[in-house]
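Presented below is the structure to which this report refers.
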Amino acid sequence: MMKTLEADVVVVGGGPAGITAAIAAGRQGVKTILVERYGFVGGMSTAAMVYPWMTFHADSGEQVIKGIAQEIVDRLQERGGSPGHLRDTVGFVHTVTPYHPEIYQVVAMDMLREAGVKLLLHSFVDEVEASDGTIRAVRITTKSGKMELKGKIFVDTSGDADVAYLSGTDTLQGRDGDLQSQPMTMKFRMRGVDLAKVKAYMIEHPEDFYKKTPVKELPDLPLTGVCGFYSQWKAAEVPINRDQVLFFTGPAEDEVLINCTRVQGLDGTNVEDLTRAEEEGRKQVLMMSEFLTRDVPGFEKASVSAVGTQIGIRETRRIVGQYSLTKEDVVAGRKFDDAIARSGYPIDIHDPSGKGVTASWIAGDGTYDIPYRCLVPNKTRNLLAAGRCISTTHEALATTRLTPSCMATGQAAGTAAALSVLANVAPVDVNIEQLREALRKEKACL
């Protein structure tokens, strides 16, 4: 007989959005379960080595994401797991936030326990019972067999909108529904990198790096990221469809995270495509490491120290919500009456088929709002989304998908789910001012 567990709020997906959603719901005093398919939490930040976190700040230097996300950074700093927010030496954003993934996992699980959240690891959601626009339960496959989780409100933080899709909720994927999603990347770390040599080369050859690299400030800044080595990349003709080298430093002093592989034209929700992506991504890791040690100053004695548990996925399904955030909203720096989060990250589209990255910058104060309506599906009454699968266009997703923004929408979704339970209303009917006030009390930026 299938075991059944009941909760007020069931959060599916233990990545950054799921962690903040579950903590937020638990802190409101409602019974909360968090489901995660791996044996650890952290999602793309741990399983796929998405690093560092970008960004908690606007270009002006104003911090626009705080709340539970900042609490996590504070806890990491206390345990030696992060230096905090540092200037981005790539120059793409104002700050990046390095962190130690193993310490992050422990910090996150400690905070979940403190909030009274029941955590189920090694649990894969493969069925949703829903009818008449209402989810009754999600069913998970575990090491101990099938289980059924009944809840009043469900929060989809799966990244792939799995709960929404399985429940019959409307979802979209790619550009205008054409499945042309941003490419996947297999990230990896290398140790033994001479970062002083890397920095010296950057100062001597500024033309070889991203145009916004703060070269004049480099002597006084810790090196956090590098984008360029254009001449080496062009000469090597590595068969990877991109136009530059990109890596970030840490967490160890001689360590970097390489963000250079690019697997295009495959669907991250299709198991056969995912299998091909994992194979191709790991082959590209070896290509990149050979190129770096052979051709890039500072990498002569470096070696691969870790590869992602899975390939990193930028874009798959997203819900069709009460409102869909657009590119125009982002670049105009639009503000909304039902804002539940802010962001200062520009639109950053890794070309689905070409070599480059297309960036679009935010006007005004350099920030835009994410409205609550983007978290609320257009049909299913007791479901909310947070993280990568909220309601946006393909272009707007290229900013909301970044981890700090996912943390912020997670906190909002978890808080809204709890308020729905406490007021006995559907998420669409949650009092917006009450929600915004609850978020402010937990130090979110609105």
Quick one: does any side-chain atom of Arg388 pair with a main-chain N or O of Gly159 as donor and acceptor, under 3.5 Å? yes
Just checking, any donor-acceptor pair under 3.5 angstrom between side chains of Thr95 and Thr55? yes
For Tyr201 and Phe229, take the angle between the two ring planes, folded into 0 to 90°, and tell me which bin it lands in: parallel under 30, tilted 30 to 60, perpendicular over 60. parallel
Would Ser343 and Ser405 count as a side chain to side chain donor-acceptor pair (under 3.5 Å) here? Give the steps. CA-CA 6 Å; Ser343 176; Ser405 298; 3.2 Å; yes
Nearest atoms (heavy-atom pairs only) where Gln28 meets Ala418: CB-CB, 3.4 Å
With no hydrogens and no angle check, is any side-chain donor or acceptor of Thr415 less than 3.5 Å from a backbone partner on Leu439? no
Give, for atom CH2 of Trp233 and atom CD of Gln244, the distance between the pair rounded to the nearest 0.5 Å. 8.5 Å
Under 3.5 Å, is there a donor on one side chain and an acceptor on the other for Tyr368 and Thr399? yes
Whether Lys335 and Asp365 form a salt bridge (side-chain N of Lys/Arg under 4.0 Å from carboxylate O of Asp/Glu) is what I want to check. yes
Given side chains that start at C-beta, do those of Cys227 and Thr213 come closer than 4.5 Å, heavy atoms only? no
Run the side chain to side chain contact (heavy atoms under 4.5 Å, CB included) check on Ile349 and Glu395 step by step: do they pass? CA-CA 7 Å; Ile349 301 176; Glu395 293 80 12; 3.9 Å; yes
Crowding at CD, Glu433 (>12 non-hydrogen neighbours, <6.0 Å): yes
N/O donor to acceptor pairs below 3.5 angstrom from side-chain atoms of residues 7-17, sequence neighbours left out:
residue: Asp8; atom: OD1; partner: Lys152; partner atom: NZ; Å: 3.3
residue: Asp8; atom: OD2; partner: Lys31; partner atom: N; Å: 2.9

Carboxylate-amine/guanidinium contact Asp110 Arg79, below 4.0 Å: yes
Side chains of Ser181 and Gln173, heavy atoms from C-beta outward: is any pair under 4.5 Å? yes
Salt bridge between Glu437 and Arg440, side-chain N to carboxylate O under 4.0 Å? yes
Looking at Glu278 and Arg282, does any basic side-chain N land under 4.0 Å from a carboxylate oxygen? yes
State the OH-OG1 distance between Tyr345 and Thr403, to the nearest 0.5 angstrom. 10.0 Å
Among Gln284, Met186, Met288, exactly one meets side chain to side chain contact (heavy atoms under 4.5 Å, CB included) together with Cys260. Which residue is that? Met288
Taking C-beta and beyond as the side chain, do Asp329 and Tyr323 meet within less than 4.5 Å on heavy atoms? yes
Please round to the nearest 0.5 Å and tell me the distance separating atom CD1 of Ile65 and atom OG1 of Thr97. 9.5 Å
When every non-hydrogen atom of Pro377 is compared with those of Leu383, the smallest separation belongs to CD-O, 3.0 Å
In terms of side-chain heavy atoms, does Thr224 have a donor or acceptor partner in Thr89 at a distance below 3.5 Å? yes
For the backbone of Gly321 and the side chain of Arg373, can you confirm whether one donor and one acceptor N or O come within less than 3.5 Å of each other? no
Heavy-atom check, side chain of Leu120 versus side chain of Leu34, under 4.5 Å: no
Verify whether one side chain among Thr380 and Thr169 offers a donor that lies under 3.5 Å from an acceptor in the other. yes
Where the side chain of Arg262 meets the backbone of Asn241, is there a donor-acceptor pair that is under 3.5 Å apart? yes
Are more than 12 heavy atoms from other residues, nucleotides or ligands located less than 6.0 Å from atom NZ of Lys212? yes
Do the two ring centres, one from Tyr104 and one from Phe40, sit under 6.0 Å apart? no
So, applying salt bridge (charged side-chain N to carboxylate O under 4.0 Å, His left out) with Arg317, which one of Asp156, Asp160, Asp162 is it? Asp162
Evaluate the criterion ring pair (Phe, Tyr, Trp, His ring centres under 6.0 Å) for residue pair Phe247 and Phe299; output intermediate values, then yes/no. CA-CA 12 Å; Phe247 60 86; Phe299 281 78; 5.2 Å; yes
Separation between CD (Glu442) and CD (Gln411), nearest 0.5 Å, reads 6.5 Å
State whether the side chain of Thr185 and the backbone N or O of Thr261 hold a donor-acceptor pair below 3.5 Å, judged by distance alone. yes
How about Phe209 and Tyr230: are their ring centres within less than 6.0 Å of each other? no
Any donor-acceptor pair under 3.5 Å from Ser82 side chain to Pro98 backbone: yes
Could you measure the distance from the CG atom of Leu119 to the CD1 atom of Ile19? Nearest 0.5 Å is fine. 9.0 Å
With Ser45, which residues qualify under side-chain hydrogen bond (donor to acceptor under 3.5 Å, both in side chains), at least two apart? Trp53
Here the gap from Ser60 atom OG to His94 atom NE2, rounded to the nearest 0.5 Å, amounts to 7.5 Å
Do the charged groups of Asp194 and Lys301 touch, with an N to O distance under 4.0 Å? no
May I ask you to check whether over 12 heavy atoms, not counting those of Lys355, lie within 6.0 Å of atom NZ? yes
